[in-house]
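Since the structure comes first, as structure tokens, the remarks are kept for the end.
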Amino acid sequence: QVQLVESGGGLVQAGGSLRLSCAASGSIFSILGWYRQAPGKQREMVAVISSGGSTNYADFAKGRFTISRDNAKNTVFLQMNSLKPEDTAVYYCNAVTRFSNNNFWGQGTQVTVSS
């Protein structure tokens, strides 16, 4: 009964900020992360974070985006600053269960950055 519920997407002007949230439930998660997919492009990793707090970022996200998690609330966040039109995509929350290494995905939240 794993569920991932995303929120925080929307329209923003270039240079603005958004904070995405993903509430995960139904398991213990070793890795939580954010991926994105633009029309006509493959899905790509944005940032991931382990239960211990170690992080990895895509090159385009470094210096602009910050991933964090609240283990007590089973929630992962993505703070996005200095947004660019090229950041426009559907952003998906991803969770990996600790014991079975199964991947689960949220429904996605649209982020649109206008110039």
Side-chain angles (χ1 to χ4, degrees):
Q1 297 164 307
V2 171
Q3 299 281 346
L4 305 178
V5 181
E6 298 152 320
S7 62
L11 279 162
V12 66
Q13 298 271 28
S17 298
L18 286 173
R19 191 187 194 216
L20 307 183
S21 299
C22 173
S25 62
S27 188
I28 299 173
F29 305 103
S30 59
I31 304 292
L32 296 172
W34 291 95
Y35 294 70
R36 72 184 188 184
Q37 186 168 21
K41 298 181 65 178
Q42 293 187 338
R43 186 163 53 192
E44 61 184 345
M45 188 269 287
V46 178
V48 296
I49 185 168
S50 72
S51 60
S54 62
T55 59
N56 280 315
Y57 293 91
D59 286 341
F60 64 79
K62 293 178 180 176
R64 298 191 298 130
F65 298 176
T66 302
I67 189 169
S68 61
R69 65 188 287 172
D70 185 334
N71 290 325
K73 297 180 179 179
N74 297 315
T75 302
V76 61
F77 306 94
L78 185 68
Q79 178 67 46
M80 302 187 292
N81 299 325
S82 302
L83 284 163
K84 306 173 182 178
E86 64 194 61
D87 295 318
T88 296
V90 177
Y91 284 71
Y92 296 92
C93 180
N94 173 262
V96 180
T97 57
R98 178 168 180 81
F99 301 110
S100 64
N101 289 320
N102 290 332
N103 278 291
F104 295 89
W105 297 92
Q107 66 178 12
T109 183
Q110 177 71 47
V111 171
T112 302
V113 184
S114 64
S115 60

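Since we're looking at a predicted model, the values are computed, not measured.
Geometrically, Arg69 does not engage Phe29 in a cation-pi contact defined by less than 6.0 Å to the ring centre and at most 45° from the axis.
Connectivity analysis of hydrophobic side chains (ILVMFWY, heavy atoms under 4.5 Å, direct or indirect) links Phe99 to Ile28. In the hydrophobic clustering, where aliphatic and aromatic side chains (Ile, Leu, Val, Met, Phe, Trp, Tyr) are joined below 4.5 Å either directly or transitively, Tyr35 groups with Ile31, Met45, Val48, Val90, Tyr92, Val96, Trp105.
Val111 is listed as a side-chain neighbour of Met80, based on a closest heavy-atom distance under 4.5 Å.
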Distance-only criterion, 3.5 Å: show the donor-acceptor pairs between side-chain atoms of residues 2-14 and protein atoms not counting sequence neighbours.
unit_1 : atom_1 : unit_2 : atom_2 : d
Glu6   : OE1    : Gln107 : N      : 3.2
Glu6   : OE1    : Gly108 : N      : 2.4
Glu6   : OE2    : Cys93  : N      : 2.2
Gln13  : OE1    : Ser114 : OG     : 2.9

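For Ser68, the side-chain contact (heavy atoms from CB on, under 4.5 Å) criterion is met by Phe77, not counting sequence neighbours. Thr88 pairs by the side-chain contact (heavy atoms from CB on, under 4.5 Å) definition with Gln110, Thr112, Val113, not counting sequence neighbours. Legend: residues meeting salt bridge (charged side-chain N to carboxylate O under 4.0 Å, His left out) with Lys62, ordered by chain and number and at least two apart, are Asp59.
A pairwise comparison of heavy atoms in Arg64 and Leu83 identifies NH1-CA, 3.9 Å as the closest pair. When all heavy atoms of Ser82 and Ser17 are compared, the closest pair comes out as N-OG, 4.3 Å.
Distance check: Ser25 OG to Lys73 NZ gives 15.0 Å after rounding to the nearest 0.5 Å. Rounded to the nearest 0.5 Å, atoms OG (Ser50) and CG (Asn56) are 9.0 Å apart. Note that OG1 of Thr75 is 9.0 Å distant from CG of Leu32, once rounded to the nearest 0.5 Å. Rounding to the nearest 0.5 Å gives a distance of 10.0 Å between CG of Asn74 and SG of Cys22. Put simply, CZ on Arg43 and CZ on Arg36 are 13.5 Å apart, with the number rounded to the nearest 0.5 Å. Note: Phe65 CZ to Leu20 CG = 8.5 Å, rounded to the nearest 0.5 Å.
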Point to revise | Test log, rule side chain to side chain contact (heavy atoms under 4.5 Å, CB included), inputs Phe60 and Lys84 | key: CA-CA 10 Å; Phe60 64 79; Lys84 306 173 182 178; over 6 Å; no

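In this structure, the side chain of Asn94 engages the main chain of Phe104 through a donor-acceptor pair within 3.5 Å.
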